[in-house]
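Reminder, nothing fancy here: chain letters follow the sequence lines and each chain counts from 1. Since the structure is predicted, the reported quantities are computational estimates derived from the model, not experimental observations.
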Amino acid sequence: MTKADIVNAVYADAGGGYSKKESADLVDDIFETMKEALARGEKIKISGFGNFVLRDKRERQGRNPQTGAPIVIHQRRVLSFKASQILKQALNEELYFDLSGEEGTPA
Amino acid sequence: MTKSELIEAIAARSDLTKARAELVVNCVFDAMLEALQRGEGIEIRGFGSFTVRPYKPYDGRNPRTGQAVTVPAKRLPFFKVGKELKELVNESRVRAAEFERLAGEAGDHPVVDDGSDDDE
């Protein structure tokens with residue numbers, strides 16, 4: 001799924017009678033608004049979907065995995081996504097997922 | 001920012017009523033949830049991508065009691081932050097640090113709470 005598919009969903013299902021262009025602008029507005037909040041250092045909580053949280057990481061020693069050479073990983077702020085229980089449950093409803101594990105691959 | 005704050009922001013930004021903005025925001029997250037439910041990944045350029053990873057069942061242990069348990073097969077969603085957003089987020093830390101430094105120079109002792117989780 002790409003942004004174009006989300007635009008189509010808004011066009012078809014949001015009930016607003018929006019044109020394709022308006023639907024595209026609305027979808028852009030949503031992701032832009034979220035980006036701006038995260039860029040201000042704000043976390044985002046979307047109930048029923050998940051939380052986008054920011055974490056400050058301290059500087060630490062790491063290694064170049066290719067060469068094994070030690071390097072300094074600088075202090076930084078990272079974004080991570082915590083899926084809501086509702087989303088996790090939605091992915092594991094039997095209707096959508098064969099729980100026999102046939103398609104599964106190990107972690 | 002909560003979903004209702006996002007809805008308010010979209011209403012203001014796109015000149016919609018809150019009710020209409022709510023329908024649009026819900027439509028977007030519903031469509032994304034349904035894609036993940038189908039096992040489909042989602043790619044939003046400039047933002048990031050979501051994937052679903054399947055796991056086979058495995059025998060695990062309850063870490064507290066040591067008792068053997070069978071963990072059933074499951075699927076979990078993952079998010080990988082896009083390059084542009086990754087940089088924006090890290091810059092927010094740099095800006096906050098700069099703000100603190102300037103405020104410190106001015107002789108203030110501001111309390112800066114960026115609301116982020118620092119538990120790792």
#### Entry: Carboxylate-amine/guanidinium contact Glu91(B) Arg77(A), below 4.0 Å
no
### Message
With a 4.0 Å cut-off on N to O distance, would you call Glu36(A) and Arg13(B) a salt bridge?
### Response
yes
Residue, of [options], that accumulates the most heavy atom pairs under 4.5 Å with chain B:
options                     : value
Lys88(A), Lys3(A), Gln75(A) : Gln75(A)
Asn8(A), Ile6(A), Thr2(A)   : Ile6(A)
Val10(A), Thr33(A), Asp5(A) : Thr33(A)

Proximal component of [X], with respect to chain A [non-hydrogen, under 4.5 Å]:
X        : result
Ile42(B) : both
Glu87(B) : neither
Ile7(B)  : neither
Leu33(B) : both
Val81(B) : side chain
Val52(B) : side chain
Leu36(B) : both

### Query
Do Leu6(B) and Phe31(A) belong together in a cluster built from hydrophobic side chains that touch within less than 4.5 Å?
yes
## Note on the structure
salt bridge (Lys or Arg N to Asp or Glu O under 4.0 Å) filter on Glu40(B), not counting sequence neighbours, yields Arg38(B)
### Parallel, tilted or perpendicular: rings of Phe50(B) and Phe49(A) (30°, 60°)
perpendicular
### Summary
Turns out that what part of Val78(A) lies under 4.5 Å from chain B's heavy atoms comes down to backbone
#### Entry: Residue part contacting chain B, namely of Ala37(A), when any heavy atom lies under 4.5 Å
side chain
### Task
Determine yes or no for a side-chain-to-main-chain donor-acceptor pair under 3.5 angstrom, with Glu42(A) supplying the side chain and Met1(B) the backbone.
yes
